[in-house]
Engineer: 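Input: one structure, supplied below.
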Amino acid sequence: MMELAIVGGGPAGLSLAYFLRGSKINATVYEGLSDVGLKPCAWGVMKGIEDYLPIPKEAIISEIKGFRIYLDGKLLYDIKGREILGYIVNKPKFLRILGEKVDLRLNSKVIEKDGKILVNDKEIEADKVIYANGHYSFKGEYAIPAIQYITDYKIDPEIVEMYFFSDLLGYGWVFPEEDGSKIGIGGYADVNFLKERLKSLVKGKIKAFQGAKVADYGVIEDRLSNGNYIGEALGTVYAVTGEGIRPSIISAKIMADSLLNNKDFSKEFKKSKLYWSLQIHAKVIRDSKKKGTQSIKGLERVLLKTPPELVLKFALGDFTKIDLLKIFGRMII
């Protein structure tokens with residue numbers, strides 16, 4: 001029996017342990033905090049997650065069936081259908097339920113020292129360590145700031161709102177929450193600029209303010225070569241949309257399959273559509289950053305003039321090279 005230590009009890013770490021249940025690998029998840037799901041985020045998950053993990057009904061706040069997109073305060077799209085596009089989940093509840101199905105140990109800080117693995121300064125036996133400790137594990141250059149308010153503003157629970165600005169590579173959002181809305185913004189700017197932009201979006205009575213870093217770099221290649229990282233710690237966040245929960249879970253599935261079949265995770269990951277689509281998102285952002293404000297405006301014009309169904313495919317990472325040609329022409333391929 002192989003002993004596996006997983007550092008981090010977020011979507012990637014808990015999913016990896018879940019996928020390894022009942023196998024030849026005994027996985028233990030070590031979470032340094034007192035609970036799971038404490039990192040602030042908007043709790044949005046695009047469709048497709050249910051292909052990998054069951055989503056407990058009690059963790060679903062709402063099913064998303066539509067979206068509104070604004071540019072500089074002007075409504076461009078207001079689309080709603082019958083198809084489920086994604087979910088708003090209570091992330092802490094979702095992760096707690098997942099954590100009940102695996103060996104999860106809270107308040108457990110892991111360090112490697114002199115070739116030994118220490119949990120709360122006590123050595124443990126483990127044949128392998130996998131790092132799933134998110135943005136806490138890397139430098140700021142791989143992440144951007146995101147802030148949000150929790151308010152009592154009531155929005156249609158089946159709708160999400162996205163706000164784009166001509167002078168910001170990033171976007172704002174209004175997402176439904178159990179007792180109101182999460183109203184936030186993230187992007188390539190300092191926090192004071194983001195707070196100023198956010199003022200125009202805030203509605204209702206403010207109940208809380210939150211801030212966090214979000215990975216935006218794309219897959220971190222040296223960590224992929226190392227073979228011991230998954231989830232946001234590896235860079236599995238779609239840089240254009242900021243979606244991280246679903247791709248983190250998919251990365252955990254690739255790692256689980258690699259471990260169980262004695263395959264090289266790095267090679268398996270590079271063969272996946274996830275790797276390619278994450279890198280395309282990262283390239284779009286890198287190209288826009290290099291070219292400055294005019295490129296930011298150009299990127300948003302391109303995305304906002306593209307048919308919504310094609311934008312959705314791009315957001316989901318479920319696009320092809322032909323789709324990219326339709327959206328961006330030859331500048332991405």
Side-chain angles (χ1 to χ4, degrees), residues 41-50 55 60-90 146-187 194 196-206 214 238-246 277 281 284-285 288 296-319 323-324 326-328:
C41 76
W43 293 358
V45 182
M46 301 297 274
K47 68 178 181 179
I49 185 177
E50 59 274 80
I55 309 175
I60 297 175
I61 295 173
S62 64
E63 296 175 340
I64 300 304
K65 296 181 179 177
F67 54 89
R68 299 188 186 108
I69 295 180
Y70 297 78
L71 176 61
D72 295 330
K74 180 182 178 182
L75 178 64
L76 297 183
Y77 293 128
D78 187 355
I79 298 169
K80 186 174 180 181
R82 296 181 179 180
E83 180 186 358
I84 295 174
L85 305 177
Y87 307 89
I88 303 297
V89 299
N90 183 315
I147 57 176
Q148 70 180 2
Y149 292 101
I150 312 299
T151 83
D152 65 359
Y153 172 67
K154 297 289 186 181
I155 187 175
D156 182 337
E158 294 185 343
I159 292 288
V160 297
E161 295 182 348
M162 310 295 290
Y163 293 81
F164 293 89
F165 306 90
S166 295
D167 59 351
L168 174 68
L169 184 55
Y171 59 89
W173 62 84
V174 179
F175 278 20
E177 204 240 353
E178 283 149 316
D179 299 307
S181 298
K182 290 187 173 182
I183 304 175
I185 193 170
L194 294 177
E196 192 62 32
R197 276 283 169 271
L198 192 53
K199 284 181 181 179
S200 64
L201 305 185
V202 177
K203 302 171 186 176
K205 181 180 178 182
I206 295 172
V214 179
Y238 282 111
V240 174
T241 65
E243 186 199 3
I245 296 175
R246 182 176 57 99
S277 59
H281 267 239
V284 168
I285 292 297
S288 296
I296 293 171
K297 292 179 180 178
L299 170 62
E300 290 175 352
R301 279 197 300 268
V302 165
L303 290 175
L304 296 175
K305 287 183 178 179
T306 300
E309 61 273 13
L310 206 50
V311 173
L312 179 61
K313 289 183 72 176
F314 181 71
L316 287 168
D318 189 27
F319 50 85
D323 293 329
L324 291 178
K326 290 178 180 176
I327 300 171
F328 299 105

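In what follows, residues are counted from 1 in the order of the sequence shown.
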Engineer: Indicate the atoms forming the closest heavy-atom contact of Met46 with Ala315, along with that distance.
Structural biologist: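 Minimum heavy-atom contact is CE-CB, 4.4 Å.
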Engineer: For Ala239 and Ile285, work out which heavy atoms get closest and say how close.
Structural biologist: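 Looks like CB-CG1, 3.7 Å.
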Engineer: What's the separation between atom CH2 in Trp43 and atom NZ in Lys182, rounded to the nearest 0.5 Å?
Structural biologist: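 Between atom CH2 of Trp43 and atom NZ of Lys182 there are 4.0 Å.
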Engineer: Taking the ring of Phe328 and the ring of Phe319, is the distance between their centroids below 6.0 Å?
Structural biologist: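 Distance test on ring centres: not under 6.0 Å, no.
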Engineer: Nearest 0.5 Å, please: how far is CD1 in Ile185 from CD1 in Ile147?
Structural biologist: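 Rounded to the nearest 0.5 Å, the CD1-CD1 separation comes to 7.0 Å.
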Engineer: Rounded at 0.5 Å granularity, tell me how far CD in Glu158 sits from CD in Glu63.
Structural biologist: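 Output value for this atom pair is 7.5 Å.
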Engineer: Should Ile155 and Lys203 be marked as a side-chain contact (heavy atoms from CB on, under 4.5 Å) after you check the CA-CA gap, both sets of side-chain angles, and the distance that decides it?
Structural biologist: CA-CA 10 Å; Ile155 187 175; Lys203 302 171 186 176; over 6 Å; no
Engineer: How many angstroms lie between CG in Asp78 and CD1 in Ile69, if you round to the nearest 0.5 Å?
Structural biologist: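 Going from the CG atom of Asp78 to the CD1 atom of Ile69 covers 10.5 Å.
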Engineer: How about Gln148 and Trp173: do any of their side-chain heavy atoms sit closer than 4.5 Å?
Structural biologist: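 Side-chain contact under 4.5 Å: yes.
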Engineer: Apply the side-chain contact (heavy atoms from CB on, under 4.5 Å) test between Tyr163 and each candidate in Leu71, Asp72, Val174, Leu198; give the one that qualifies.
Structural biologist: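 Exactly one option meets the side-chain contact (heavy atoms from CB on, under 4.5 Å) with Tyr163, and it is Val174.
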Engineer: Is there a side-chain contact between Val160 and Pro176 (heavy atoms, below 4.5 Å)?
Structural biologist: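 Yes, side chains in contact.
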Engineer: With heavy-atom distances below 4.5 Å as the criterion, would you say the side chains of Thr151 and Lys205 are in contact?
Structural biologist: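 Sidechains of Lys205 and Thr151: no contact.
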Engineer: Kindly indicate, with the supporting measurements, whether the criterion side-chain contact (heavy atoms from CB on, under 4.5 Å) is fulfilled by Ile159 and Phe67.
Structural biologist: CA-CA 5 Å; Ile159 292 288; Phe67 54 89; 5.7 Å; no
Engineer: For the CZ atom of Phe175 and the CD1 atom of Ile88, what is their distance to the nearest 0.5 Å?
Structural biologist: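 The distance works out to 5.5 Å.
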Engineer: For Glu196 and Lys199, what are the C-alpha separation, side-chain angles and deciding distance, and is it a salt bridge (charged side-chain N to carboxylate O under 4.0 Å, His left out)?
Structural biologist: CA-CA 5 Å; Glu196 192 62 32; Lys199 284 181 181 179; 3.2 Å; yes
Engineer: Looking at Ile327, is its backbone amide N or carbonyl O close enough to the side chain of Thr306 to form a donor-acceptor pair, meaning the two atoms are under 3.5 Å apart?
Structural biologist: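 Checked: no pair found.
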Engineer: Which residues pass the salt bridge (charged side-chain N to carboxylate O under 4.0 Å, His left out) test with Glu161, sequence neighbours left out?
Structural biologist: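 With sequence neighbours excluded, Glu161 shows a salt bridge (charged side-chain N to carboxylate O under 4.0 Å, His left out) to Arg68, given in chain and number order.
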Engineer: Would you say that Phe314 contacts Lys326 through its side chain, given a criterion of any heavy-atom pair below 4.5 Å between the two side chains?
Structural biologist: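 No, side chains not in contact.
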Engineer: Tell me the closest heavy-atom pair linking Lys47 and Glu50, and the distance in Å.
Structural biologist: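 Reported closest heavy-atom pair: C-OE1, 3.7 Å.
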Engineer: Please report the shortest heavy-atom distance between Phe164 and Gly170, naming the atom on each side.
Structural biologist: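 It is CD2-O, 3.8 Å.
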Engineer: Roughly how far apart are Ile61 CD1 and Asn90 CG, rounded to 0.5 Å?
Structural biologist: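 The distance works out to 5.0 Å.
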Engineer: Assess the residue pair Met162 and Tyr77 against the criterion (side-chain contact (heavy atoms from CB on, under 4.5 Å)); give the C-alpha distance rounded to whole Å, side-chain angles, the decisive distance to 0.1 Å, and a yes or no.
Structural biologist: CA-CA 10 Å; Met162 310 295 290; Tyr77 293 128; over 6 Å; no
Engineer: Do Asp318 and Asp323 come within less than 4.5 Å of each other through their side chains, counting heavy atoms only?
Structural biologist: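 SC-SC contact between Asp318 and Asp323 ruled out.
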Engineer: Heavy atoms only: give me the nearest Ile183-Leu201 pair and the separation to one decimal.
Structural biologist: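 Residues Ile183 and Leu201, closest heavy atoms: CG2-O, 3.7 Å.
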